[in-house]
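In this text, all values refer to a predicted model and were calculated from it rather than measured experimentally.
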Amino acid sequence: MRRVCLVRLGYFPQEEHLRRNIGALADAGYQVDVLCLRAPGQPLVERYPGGTVFRLPLAHRRSGLLRHLWEHSAFCVLTAIVLPALWALRRYRVVEFCSPPDYAVFAALLPRLFGTRIVLYIFDLLPETLACTYGLSDGSPLVRLAGWLERISAALAHVVIVVAPDTVERVVQRGTPAAKVVWLPNAPDEDVFRPPPEEPGSDGGFVVMTHGSILPRYGVDDLLRAAALLRPLLPDLRVWVVGEGEHLPAVRALADSLGLDGTVTFKGWLAYPQVARAVASAQVGVVPVRFNSLPNKLFEYAFMGRPVVAAVQPSIRRVFGDAVLYYPPGDHRALAEALLRLYRDEGLRRRLGEAARAVALRHSWSRVRETYVALHGGPPPAPEAGRAGR
């Protein structure tokens, strides 16, 4: 029996990308164990159809830099205790670390010495995340330390997966060999995010939505300020904010202060199929990120054929080109102008939706799935998404 262990500072089965990746590996014949956090009410050890979940007695909570550092450190210590014991009992052929934190890979030092393949899957670059979240400069000691930890963590891994093409270049610039780095878009399951047979009607108003973790760097407050400018012009404007996060109380307070009652609806956390239904009912998806990234919500809007207004970031521009309507990050007035333009031009909404879907289909999970699985067993086929240097 080929066994693999996925390590994640997160929750299973709540996180969709974990379920998606585990499903791909299980279909390829792997037994997949998961080492993750324990949410309230979850058992420490639990069987599921593809393997076993082992949960650490630690909760994920973003509440400042000290908590961030303590949580990452505690996770690495617990993983360093539990993972070698699991490996000794179950003899994993592959261990995949879904970062952050990158340096959790050192918990697999012993398995690596005995031939276990190590995959480092970087969703967010830690140096850039620290700089953006806490207002640190690129030259600050903490950001430089994070860059060094990324480099030595990548050195321990056999392969490094990243989710945006610009991320490849940043990781390589910091010293990781280009041949080791693979870009795989964090694309959704296109069987779930499938365009509805009919366009959403106007009975519910002009619905604009954004979803995901509600954090300052994701710019939800920019969308609310844009809605306040648009409300006198678009009485049927409706804004849906889907998700949870520590910035949610501040965002709710902002909505109240802007008098957006009846315009903005906070829908909270929704299960994956419910998110797809919400996207299907919206006219426009908004991606107001304030840092360079390629969010999976962008692919989810695109797969559903929804036009997207996004803060112009290098990774988004590089992949989606002119298939997205852009505005300068943090500029809520420009965001309002872009939304007003789409409201007034149904043809533009249709053309952008079609163009975005065409881009998303080129980077669909069904296309990159084979490459993802191959990365756990040896040299992969050349992926359409792109290796470093492409």
Side-chain angles (χ1 to χ4, degrees), residues 7-10 58 60-77 79-80 97-109 118-157 159-178 180-183 186 212-222 245-247 250 287-296 311-318 328-330 388:
V7 182
R8 170 67 171 166
L9 197 160
L58 181 68
H60 181 40
R61 187 174 72 250
R62 299 181 180 98
S63 58
L65 180 58
L66 291 179
R67 168 70 193 194
H68 180 106
L69 295 175
W70 180 89
E71 186 177 299
H72 280 205
S73 299
F75 177 76
C76 290
V77 170
T79 302
F97 291 85
C98 307
S99 77
D102 308 334
Y103 43 91
V105 297
F106 286 95
L109 181 59
I118 307 299
V119 177
L120 176 59
Y121 202 142
I122 300 179
F123 286 90
D124 296 309
L125 293 175
L126 188 56
E128 284 74 12
T129 299
L130 289 172
C132 179
T133 302
Y134 301 109
L136 303 176
S137 69
D138 291 343
S140 71
L142 189 58
V143 172
R144 295 181 66 180
L145 174 62
W148 178 76
L149 288 171
E150 175 195 280
R151 183 170 68 253
I152 62 173
S153 300
L156 188 66
V159 64
V160 178
I161 303 173
V162 298
V163 297
D166 288 59
T167 305
V168 173
E169 295 165 1
R170 286 180 177 269
V171 170
V172 170
Q173 287 169 1
R174 285 195 278 259
T176 299
K180 183 182 280 192
V181 187
V182 180
W183 166 44
N186 187 21
S213 298
I214 301 179
L215 306 173
R217 66 180 183 269
Y218 291 129
V220 177
D221 47 343
D222 294 331
E246 69 268 21
H247 194 50
V287 183
V289 290
R290 295 175 177 171
F291 66 107
N292 186 24
S293 65
L294 188 63
N296 60 336
V312 59
Q313 299 290 354
S315 288
I316 297 176
R317 170 76 79 174
R318 185 166 175 175

Asks: Of all the heavy-atom pairs spanning Trp183 and Ala164, show the shortest one and how long it is.
Replies: CD1-N, 3.3 Å
Asks: Partners of Asp124 by salt bridge (charged side-chain N to carboxylate O under 4.0 Å, His left out), sequence neighbours excluded?
Replies: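 Here no residue qualifies.
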Asks: Mind checking the CD1-SG spacing from Ile122 to Cys98? Nearest 0.5 Å is all I need.
Replies: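 Ile122 atom CD1 to Cys98 atom SG measures 11.0 Å (nearest 0.5 Å).
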Asks: Calculate, to the nearest 0.5 Å, the distance between atoms OH and OG1 belonging to Tyr134 and Thr129 respectively.
Replies: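 Spacing of OH (Tyr134) from OG1 (Thr129) equals 9.5 Å.
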Asks: Could you give the distance from CG (Leu9) to SG (Cys76), rounded to the nearest 0.5 Å?
Replies: 8.0 Å
Asks: Would you say that Gln313 contacts Asp166 through its side chain, given a criterion of any heavy-atom pair below 4.5 Å between the two side chains?
Replies: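 A side-chain contact under 4.5 Å is absent here.
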Asks: For Ala74, enumerate each residue passing the side chain to side chain contact (heavy atoms under 4.5 Å, CB included) test, keeping only those at least two apart in sequence or located in another chain.
Replies: Leu58, Trp70
Asks: Which residues pass the side chain to side chain contact (heavy atoms under 4.5 Å, CB included) test with Pro288, not counting sequence neighbours?
Replies: Thr210, Val286, Tyr327
Asks: Which of these passes side-chain contact (heavy atoms from CB on, under 4.5 Å) with Val181: Leu120, Ile161, Val162, Val159?
Replies: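 Exactly one pass, corresponding to Val162.
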Asks: Quick check: closest heavy atoms across Val289 and Ala311, and the distance to 0.1 Å?
Replies: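 That would be O-CB, 3.1 Å.
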Asks: Taking all non-hydrogen atoms of both residues into account, name the closest pair between Arg217 and Cys132 and its distance.
Replies: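 Reported closest heavy-atom pair: CB-SG, 3.6 Å.
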Asks: Who pairs with Tyr218 by ring-ring contact (aromatic ring centres under 6.0 Å, His included), at least two apart in sequence or on another chain?
Replies: Phe291
Asks: For Asn296, give me all partners under side chain to side chain contact (heavy atoms under 4.5 Å, CB included), at least two apart in sequence or on another chain.
Replies: Asn186, Glu300
Asks: Name all residues meeting the salt bridge (charged side-chain N to carboxylate O under 4.0 Å, His left out) criterion together with Arg317; count only those two or more places apart in sequence or in a different chain, and write none if there are none.
Replies: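 If we apply the salt bridge (charged side-chain N to carboxylate O under 4.0 Å, His left out) test to Arg317, skipping adjacent residues, the hits are Asp322.
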Asks: Going by ring-ring contact (aromatic ring centres under 6.0 Å, His included), name the residues that satisfy it together with His247, two or more places apart in sequence or in a different chain.
Replies: none
Asks: Going by heavy atoms in the side chains, are Val163 and Leu294 under 4.5 Å from each other?
Replies: no
Asks: One pair to check against salt bridge (charged side-chain N to carboxylate O under 4.0 Å, His left out): Arg67 and Glu246. What are the steps and the verdict?
Replies: CA-CA 13 Å; Arg67 168 70 193 194; Glu246 69 268 21; over 6 Å; no
Asks: Sequence neighbours excluded, which residues qualify as side chain to side chain contact (heavy atoms under 4.5 Å, CB included) partners of Pro141?
Replies: none
Asks: Mind checking salt bridge (charged side-chain N to carboxylate O under 4.0 Å, His left out) for Arg170 and listing every partner two or more places apart, or none if nothing turns up?
Replies: Glu128
Asks: Can you find a pair of side-chain heavy atoms, one from Pro127 and one from Leu149, that are under 4.5 Å apart?
Replies: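 They are not in contact (no side-chain heavy atoms under 4.5 Å apart), so the answer is no.
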Asks: Are any of the side-chain heavy atoms of Val312 and Pro329 separated by less than 4.5 Å?
Replies: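 Yes. Closest side-chain heavy atoms under 4.5 Å.
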Asks: Strictly by salt bridge (charged side-chain N to carboxylate O under 4.0 Å, His left out), give each pair with a member in residues 137-150 just once, sequence neighbours left out.
Replies: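 Passing the test, one end in residues 137-150: Glu150-Arg174.
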Asks: List the residues meeting side-chain hydrogen bond (donor to acceptor under 3.5 Å, both in side chains) with Asn292, not counting sequence neighbours, and say none if there are none.
Replies: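 side-chain hydrogen bond (donor to acceptor under 3.5 Å, both in side chains) check on Asn292 returns Ser315.
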Asks: With a cut-off of 3.5 Å and sequence neighbours excluded, list every side-chain donor-acceptor pair involving residues 99-107.
Replies:
from  : atom 1 : to     : atom 2 : distance (Å)
Ser99 : OG     : Asp102 : OD1    : 2.9
Ser99 : OG     : Tyr121 : O      : 3.4

